[in-house]
Amino acid sequence: MTEYDTIKVERRDRVGLITLHRPEALNALNLRLMHEVVGAAEEFDRDDAVGAVVLTGSERAFAAGADIKEMQDLEFVDAYRADLFAEWDRFARLRKPVVAAVSGYALGGGCELAMMCDILLAADTAKFGQPEIKLGVIPGMGGSQRLTRAVGKAKAMELCLTGRMMDAEEAERAGLVSRIVPAADLLEEALKVAATIAAMSPIAVLAAKEAVGRAFESPLAEGLRYERRLFHAAFATADQKEGMAAFAEKRPPHFQGR
Ligand code: CO8
């Protein structure tokens, strides 16, 4: 198994678990961590034995943003030439579902990383924000776009322009998180959600993620056509026959990913 410095990686049956682990910096996302998270997540994505992934941090912080100390002396030319943080785009392109389990701070790049995941579960202690403005910069890993789509213009503007944090309740009301869970139960609940997904037809899961994701990229008519094509395609799979036969025969389905 690959050795990591900044994350911990485990398998729990059909669920891959990635834990951000830079306790000395509240899991600030340095380049090494980016590389490790993207690499580990892509490995799970390729592994047929894994059906879904959970990404979490510590109790105190999911991640307090990009690593400010690593970035502070950076010049435009270097950032532009290296296409700084573009590697995270590969995380956003993973095909299997990723559940973010957020406890404590999810700020800046931390909030942006949580928003790249497919389901966002928040502990009651979670705090979300895009405080880049206080550092003289702006969100750079999708925050101005994904936050705006998730919570609407008014709240996204306020958070990005003032750097104010919102707590878990506000984030749930605004539609950023799917559910709030007591902090002590967060990981267990996220693993349960991921295990539920991992027990479904892997093909249908890929298609469902792809179809919902499409809603963020295309106008309604195009998205509806896209969904219809994927829906029709599901009838070419053995899992569709099995899923519907199992319902009719009143037994649990046995999906094979074909
Ligand atoms: N980067 C580096 N180190 C950090 C970060 C960070 N983002 N956040 C915390 N740390 C470090 C602190 O420096 C401190 O280290 P040390 O003990 O050596 O002094 C340690 O973590 C603990 O932090 P605090 O002592 O500050 O803990 P507090 O409980 O007092 O405060 C806060 C917690 C409120 C979370 C505070 O740490 C904070 O404000 N952190 C910074 C939050 C922030 O501004 N995040 C946005 C960063 S910019 C960003 O994410 C841009 C992303 C996209 C850029 C794309 C560019 C192309």
Side-chain angles (χ1 to χ4, degrees), residues 4-8 18-39 41 55-94 98 100-117 120 122-151 155-171 176-177 183 186 216:
Y4 298 102
D5 274 352
T6 62
I7 59 173
K8 293 179 176 172
I18 302 175
T19 306
L20 307 178
H21 188 64
R22 290 191 69 212
E24 72 285 4
L26 300 182
N27 293 331
L29 312 172
N30 63 8
L31 294 175
R32 170 115 204 184
L33 182 145
M34 170 174 72
H35 197 63
E36 292 189 349
V37 170
V38 173
L55 177 67
T56 195
S58 67
E59 209 177 313
R60 194 164 160 221
F62 176 75
D67 192 310
I68 299 168
K69 295 165 190 168
E70 191 181 60
M71 278 187 300
Q72 65 179 351
D73 294 325
L74 200 70
E75 297 292 340
F76 163 75
V77 169
D78 303 316
Y80 186 59
R81 192 158 36 202
D83 202 358
L84 188 67
F85 297 143
E87 200 173 337
W88 285 120
D89 296 347
R90 284 169 32 204
F91 186 88
R93 283 199 301 271
L94 294 169
V98 184
V102 175
S103 176
Y105 296 111
L107 301 177
C111 185
E112 294 170 304
L113 178 57
M115 290 191 293
M116 283 181 208
C117 299
L120 209 167
D124 45 12
T125 58
K127 286 192 179 353
F128 299 88
Q130 298 290 160
E132 290 89 343
I133 196 84
K134 296 189 195 169
L135 301 167
V137 292
I138 70 167
M141 282 166 51
S144 65
Q145 306 302 301
R146 289 198 178 93
L147 185 65
T148 307
R149 279 169 168 75
V151 307
K155 206 175 271 293
M157 277 288 187
E158 191 200 342
L159 294 178
C160 291
L161 290 174
T162 68
R164 177 175 80 78
M165 289 185 223
M166 59 180 171
D167 64 15
E169 297 243 330
E170 185 179 354
L176 180 67
V177 313
L186 178 70
F216 288 92

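For clarity, every value in this text was computed on a predicted model and none was experimentally measured. By convention here, the first residue in the shown sequence is residue 1. Both counts, for ligands and for their atoms, begin at 1 and track the order of listing.
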Report yes or no: does K134 have a heavy atom closer than 4.0 Å to ligand 1?
-> no
Kindly assign one of parallel, tilted or perpendicular to the pair W88 and F91, based on the angle between their ring planes and the thresholds 30° and 60°.
perpendicular
Of all protein heavy atoms, the one nearest atom 20 (C) of ligand 1 is E24 O, 3.5 Å
among protein heavy atoms, the one nearest atom 11 (C) of ligand 1 is A25 CA, 3.8 Å
Closest heavy-atom approach to atom 34 (C) of ligand 1 among W88, F85, Y105, Y80 is made by Y105
Among Q72, M141, K69, the residue with a heavy atom nearest to atom 18 (O) of ligand 1 is K69
With a cut-off of 4.0 Å, which atoms of ligand 1 are near a heavy atom of [X]?
X: L107; value: 35 (C), 42 (C)
X: L135; value: 44 (O), 47 (C), 48 (S)
X: E112; value: 52 (C), 53 (C)

Side-chain heavy atoms of P139 within contact of C160, under 4.5 Å: yes
The answer for which part of P131 has a heavy atom under 4.0 Å from ligand 1 is side chain
Honestly, for A66 the part within reach of ligand 1 (heavy atoms, under 4.0 Å) is both
In E36, H35, R22, the residue satisfying side-chain hydrogen bond (donor to acceptor under 3.5 Å, both in side chains) with T6 is E36
Taking every heavy atom of V37 against every heavy atom of L55, the minimum-distance pair comes out as CG1-CD1, 4.5 Å
Shortest non-hydrogen pair, A28 vs D67, comes out as CB-CA, 3.9 Å
| A64-ligand 1 polar pair, N/O distance under 3.5 Å | yes
Self-check item: Main-chain N/O of M141 paired to E112 side chain as donor or acceptor, under 3.5 Å
Solution: yes
